[in-house]
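Only one structure is covered here, and it is reproduced in the block below.
We count ligands from 1, going down the list as the structure has it; atoms in each ligand are counted the same way.
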Amino acid sequence: MQNWIKMDLNYLSIKTKLISVTFFVVFLCALAITFLTLYQHQKLYKEALATNLYALSSNLSDELFPYLTSNEPELIGLTTTLLKLERYQQIKYGLILDKSNKIVTQYLNPKFQTTANHLERVNWSQIIINRGEDTQSSLMEIHLIGDKNFSSGYLILVADLSNQLSSNMKVFITQLIPLILVIILIIFVLSHWVQSGVITPLIHLSQLVSSVGKTKNYQLRYENNGQDEVSILGKNINKMLSMINTQDIENKRHTIKLLKQQKSLKHLANYDQLTGLPNRKLFCELLKQELNKSHRKNYEIAVMFLDLDDFKTVNETIGHHAGDILLQQVSERIKSHLRDGDILARLGGDEFIVILTELPSHVTAVAIAQRILDSFVDYFHIQKWQIHSGLSMGIAFNDKDRFNAATLISNADVAMYKAKEGGRGQFSVFEDKMQSVQHRHMLIANELAKAIQGDEFTLYYQPKVSPLMGVVGFEALIRWHSSFDGLISPAEFIPIAEHCGRVHDITRWVLKQGLSDLSKIKESIGFYTVTSFNISAIDITKQGFIQYIEGLIKLNKSDTKLIEFEVTESSYIENFESSSKFFNALDELGCSIALDDFGTGYSSLSYLTQVQANTLKIDQQFVKKIFTSDRDRLIVESIIGLAKKLGLKICAEGVETKEQYDFLVGSNCELIQGYYFSKPVPIEELPNVIKQIHCKNHFAGLDEKVVQL
Ligand code: C2E
Ligand code: CA
Ligand code: CA
């Protein structure tokens, strides 16, 4: 825009320039012509006067001749003849000289009286020799009276030049100037007309370009159908404008597309695609804003953490699509109990989070939580199913103005876990004492990094016993002798490691140590056994993990038939595709796979027929209650029956008593693991443990064991 204004300020029209130049040239020409004409006029006038003077003097001489030839000049005749000069206004005076060049008589025009005074003193002889004496103001004609051979004297006529010429010139100029002015005017008008014809289209063109520049309207066009250069220039500018216009439309379309993409990217980055709710990222930003607002306006807010109970079960039993619909309906149901201004977001999976703003009191938050919980008593209608979904909630308040967004979320999370621990389908409000649990989590998460570096882990092995052949395998179980709190159970630190992204480092450590332990185990007990290693869901998704295992197998020259991997049933099913790929690769290597904690995830049969597994490990919670819960006993028997049908081996863990052992053996369970035989122990204790086990029980096929393996 600036450029256009600048151009306007410095603008000097070509038309003005051309007209100025034309005017100047025409004026100069007119001036030159005037002077030339005047000069020519003067010259012609002089010549004409000279001719007339000559003719007059010639006529008069002829007339004077008779009066001068007589011995005595006849003065009367001479004077009378000279008086004829009175008729000629321009004649200043006339003189008749005798042979001796003396004035005989003279005629003097009264208008030029002053010149008479000096005539007597003039040396006429000299003037006659010089053939006259012309001046600026007068013209002289000397005429011989008589002829050359018989000269009687001279007639001298002097005509006035200046007065005559000037009056003549005046007349001439008064006639000439209007003519010149008219000519100048005509030329000026003509040139203006011609120039306007050329310049006006240029001005229009310039205005067009200028207004296109200002308005950015590329649809403006130059209207001219001529064939001259300006019209061609105009047509070319039109073409250029239409190209720019097309490009501009294209650019605008592109920009709109980009803006849309940007909007959808922004939406993708900030919103959950399934429910359309804000995601974790956006929620954290909104919570920060809400916290700031609550500080400024001095009101309380609460964060409510919600987690569906047994959502995995729904997913596994009626499928992921139905699971998605459930999540959508859940989000709608929660929303319907919130007030305007409250913010609901989905953190991922089956976790939702709410900001309750401008709370008049804690009671309001509790009432909202209760309302939501109550509403979950009603079924969700999904396709042909009627589903009941439980919900656990944790509430945290920012009442003491001391919690930042992250702490507030984490407090609500801790409270939610407390609610789950207390038996699902309820809510709990965060209390300071719960923070100690959270602190310990954070401490463990921090210390884990040091533990991996500082070699604080060891591997213990727990025997797996075949009722026929005695000890046939071990499960490798990690132990952490922490520098800050002594022995920490993997049941506590493994979930934390999974949460904070350290579990894969631990798994790699376990496998490195465990595979190098295999030969030591064989050496210390004297026969081959299968060793099982636990892996987490996260490990399955890690790039290059299979290659890492292959590398360890090569390094330790391990027999892959003696290596088994245990993965929990839920980890496998949740990542079904990547798990299938991963376990297929392990199967190809020759390793076997066991589904751990089987029975807790309620796998659907359809999945079970497709999983890549050799063994099902019945979860210890069922084993524990074999004799106290008919339901759990039934589950154990069903799992064993199912495994048999699917051609899978079965292993029961957590077996602590002889009764449990006998029952399981009686139910055709092939492998028994539990404190009944041994707790997990270090390698060095294995020979002793095995000896005790083999003494304790009679295993019929003990001797053939080595051969079978
Ligand atoms: P898990 O894989 O189900 O392992 C069995 C757990 O039950 C072990 O606990 C074992 O000591 C315990 N156990 C075995 N028999 C009995 C019994 O008769 N009674 C009772 N009360 N407990 C018994 P541990 O070693 O504390 O491990 C707990 C969990 O930590 C494991 O459960 C497993 O999920 C995880 N874990 C242990 N080591 C590793 C590991 O190296 N990697 C991974 N990813 N997880 C591991
Ligand atoms: Ca296990
Ligand atoms: Ca287990």
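Annotation: Tyr675 places an N or O atom under 3.5 Å from an N or O atom of ligand 1; distance criterion only. Of the polar atoms of Glu656, at least one N or O is found under 3.5 Å from an N or O of ligand 1, judged by distance alone. Looking at Ile478 next to ligand 1, an N or O pair under 3.5 Å apart turns up. Considering backbone and side-chain atoms together, Glu566 places no N or O closer than 3.5 Å to any N or O of ligand 1. Considering backbone and side-chain atoms alike, Thr507 places every N or O at 3.5 Å or more from each N or O of ligand 1.
Salt bridge present: Asp630 and Arg633 bring a charged side-chain N and a carboxylate O closer than 4.0 Å. Under a 4.0 Å N-O distance rule, the pair Glu447/Arg502 does not qualify as a salt bridge. Residues Arg440 and Asp485 are paired through a salt bridge, judged by an N-O separation under 4.0 Å between the basic side chain and the carboxylate. Between Lys617 and Glu564, none of the side-chain N atoms (NZ, or NE/NH1/NH2) sits under 4.0 Å from a carboxylate O, so this pair counts as no salt bridge. Ion pair Glu431/Lys418 not flagged as a salt bridge, since none of the NZ, NE, NH1 or NH2 atoms sits closer than 4.0 Å to an Asp/Glu carboxylate oxygen.
Residue Glu498 places every heavy atom at 4.0 Å or more from ligand 1.
The backbone N or O of Ile693 lies less than 3.5 Å from no partner atom in the side chain of Asn697, so there is not a single donor-acceptor pair. Ser466 places a side-chain N or O within donor-acceptor distance of the main-chain N or O of Leu468, the cut-off being under 3.5 Å. At least one donor-acceptor pair under 3.5 Å links the side chain of Asn279 to the backbone N or O of Ala269.
Contact detail for Leu274 and Gln328: the closest heavy-atom pair is O-NE2, 3.1 Å. Residues Gln383 and Ile325 approach most closely at NE2-CD1, 4.0 Å, considering heavy atoms.
By the criterion of a heavy-atom distance under 4.0 Å, the side chain of Asp596, and not its backbone, is placed next to ligand 1. When non-hydrogen atoms are compared, ligand 1 lies under 4.0 Å from neither the backbone nor the side chain of Lys617. With a 4.0 Å heavy-atom cut-off, ligand 1 is reached by no atom of Glu492. Counting heavy atoms under 4.0 Å from ligand 1, residue Ser489 touches it through the side chain alone. When non-hydrogen atoms are compared, ligand 1 lies under 4.0 Å from neither the backbone nor the side chain of Gln660. Heavy atoms of Leu477 found under 4.0 angstrom from ligand 1 belong to the backbone as well as the side chain. Neither the backbone nor the side chain of Asp539 comes within contact range of ligand 1; no heavy atom lies under 4.0 Å.
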So Glu475 and Asn534, side chain to side chain donor-acceptor pair (under 3.5 Å) or not? Walk me through it. CA-CA 8 Å; Glu475 178 174 0; Asn534 292 286; 2.8 Å; yes
Tyr661 vs Phe677, ring-ring contact (aromatic ring centres under 6.0 Å, His included): CA-CA, chis, key distance, verdict: CA-CA 10 Å; Tyr661 173 76; Phe677 287 117; 5.2 Å; yes
For a ring-ring contact (aromatic ring centres under 6.0 Å, His included) check, start with the C-alpha distance between Phe565 and Phe582, then their side-chain angles and the critical distance, and finish with the verdict. CA-CA 11 Å; Phe565 290 90; Phe582 179 77; 7.0 Å; no
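When each atom of ligand 1 is checked for a heavy atom of Gly674 under 4.0 Å away, the hits are 15 (N), 18 (O). Ligand 1 places these atoms under 4.0 Å from at least one heavy atom of Val510: 41 (O).
Nearest protein heavy-atom neighbour of atom 7 (O) of ligand 1: Gln620 NE2, 2.7 Å. Ranking protein heavy atoms by distance to atom 15 (N) of ligand 1, first place goes to Gln462 NE2, 3.0 Å. Nearest non-hydrogen protein atom to atom 36 (N) of ligand 1 is Pro490 CB, 3.9 Å. Shortest contact from atom 45 (N) of ligand 1 to any protein heavy atom: Asn534 CB, 3.6 Å. Nearest to atom 11 (O) of ligand 1 among the protein's heavy atoms is Pro680 CG, 3.4 Å.
The N, O or S atom of Glu653 with the smallest distance to the Ca ion (ligand 3) is OE2. When distances from the Ca ion (ligand 2) to the N, O or S atoms of Glu475 are compared, OE2 comes out shortest. The minimum distance between the Ca ion (ligand 3) and any N, O or S atom of Asp596 involves atom OD1. For Glu566, the N/O/S atom at the shortest distance from the Ca ion (ligand 2) is named OE1.
The protein does not reach atom 9 (O) of ligand 1 closely, with no heavy atom under 4.0 angstrom from it. By the definition of a contact as any protein heavy atom under 4.0 Å away, atom 4 (O) of ligand 1 is in contact. In this structure, atom 42 (N) of ligand 1 has protein heavy atoms in its sub-4.0 angstrom surroundings.
No option in Phe545, Tyr548, Trp509 other than Phe545 meets the ring-ring contact (aromatic ring centres under 6.0 Å, His included) test with His504. Across Gln673, Glu653, Lys679, a single residue satisfies side chain to side chain donor-acceptor pair (under 3.5 Å) together with Gln462, and that is Gln673.
With no hydrogens or angles considered, a side-chain donor-acceptor pair links Tyr461 and Asp517 at under 3.5 Å.
Within the coordination shell of the Ca ion (ligand 2), defined by N, O or S atoms under 3.0 Å, Asn534 is present. At a cut-off of 3.0 Å, Asp597 does not coordinate the Ca ion (ligand 2) through any N, O or S atom.
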